[in-house]
Amino acid sequence: MTACIFCKIIEGTIPSMKVYEDEHVYAFMDIMPATKGHVLLIPKTHCENIYDMTEQQASQLFTVAPKIANAIQAEFNPKGMNLLQNNGAFAGQAVFHFHLHFIPRYDETDGFQLAVKTNDEAYTAEQITAFATGIRSQL
Ligand code: 5GP
Ligand code: ZN
């Protein structure tokens, strides 16, 4: 038997509030929602995070993502929506079964904060070009 709580949710041994299910993916309400309508979308076959996700799992999951987002949008009419996905404990991943968060946004005090601080002085254009070269060499 698996120790993964999201695998247990898929198996039905842990209850969940289902939103959507097909052959490949499962969507359900986050038990501790950041905002009203916070949903998680997961692949049915276990993978820990983005690094060990297959192209097929990614394709199946992201094929469904717009449908989930549009359903949340239609139901709650939020002002915006953050799609969030954490990889590794340092990045805030607590459950090690890939999951995509759908977090509808209502106002500045809606309980969710995401601060992406861009810094146009941190790296030179030459350094950023070298970063791109390095990443390309890893593909
Ligand atoms: P992470 O920090 O790994 O990106 O997010 C894990 C999410 O899973 C959290 O938002 C947390 O509230 C949710 N979660 C953890 N355990 C359960 C559970 O047993 N059921 C449901 N529905 N959500 C869970
Ligand atoms: Zn799992």
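Throughout, residue positions are numbered sequentially from 1 according to the sequence presented. Quick note: numbers below take in every heavy atom, side chains included, and nothing from hydrogens, waters or symmetry partners. Only a predicted model underlies this, so the values are computations on that prediction, with no experimental measurement involved. Numbering of ligands and ligand atoms starts at 1, following listing order.
Atoms of ligand 1 lying under 4.0 Å from at least one heavy atom of Met29, given by number and element, are 22 (N). Of all the atoms in ligand 1, the ones that sit under 4.0 Å from a non-hydrogen atom of Gln93 are 3 (O). Below 4.0 Å from some heavy atom of Leu40 lie the following atoms of ligand 1, by number and element: 8 (O). Close contacts between ligand 1 and His101 involve ligand atoms 1 (P), 4 (O), 5 (O), 7 (C), 10 (O) [criterion: under 4.0 Å to a heavy atom]. Each of the following atoms of ligand 1 lies closer than 4.0 Å to a heavy atom of Phe28: 21 (C), 22 (N). Here is the list of ligand 1 atoms found below 4.0 Å of a heavy atom in Ile9: 20 (N). Near Asn86, the atoms of ligand 1 lying under 4.0 angstrom from a non-hydrogen atom of the residue are 1 (P), 2 (O), 4 (O).
Ion pairing between Glu23 and Lys44 fails under the 4.0 Å rule for side-chain N and carboxylate O.
Here's the thing with Phe6: none of its N/O atoms is less than 3.5 angstrom from an N/O atom of ligand 1. Between Ile14 and ligand 1, no pair of N/O atoms sits closer than 3.5 Å. Backbone and side-chain nitrogen or oxygen atoms of Asp30 are examined, and one is located within less than 3.5 angstrom of a nitrogen or oxygen of ligand 1.
Linking Ile, Leu, Val, Met, Phe, Trp and Tyr whenever their side-chain heavy atoms come within less than 4.5 Å leaves Ile14 and Met17 in two separate clusters.
Counting just the N/O/S atoms of His46, the one with the shortest distance to the Zn ion (ligand 2) is named ND1. His97 contributes ND1 as its N, O or S atom closest to the Zn ion (ligand 2).
Using bins of under 30°, 30° to 60° and over 60° for the plane-to-plane angle, the ring pair His101/His38 lands in the tilted bin.
Heavy atoms of Phe96 found under 4.0 angstrom from ligand 1: none, in either backbone or side chain.
With Phe6 as reference, Phe28 is the one residue of Phe28, Phe96, Tyr26 to meet the ring pair (Phe, Tyr, Trp, His ring centres under 6.0 Å) rule.
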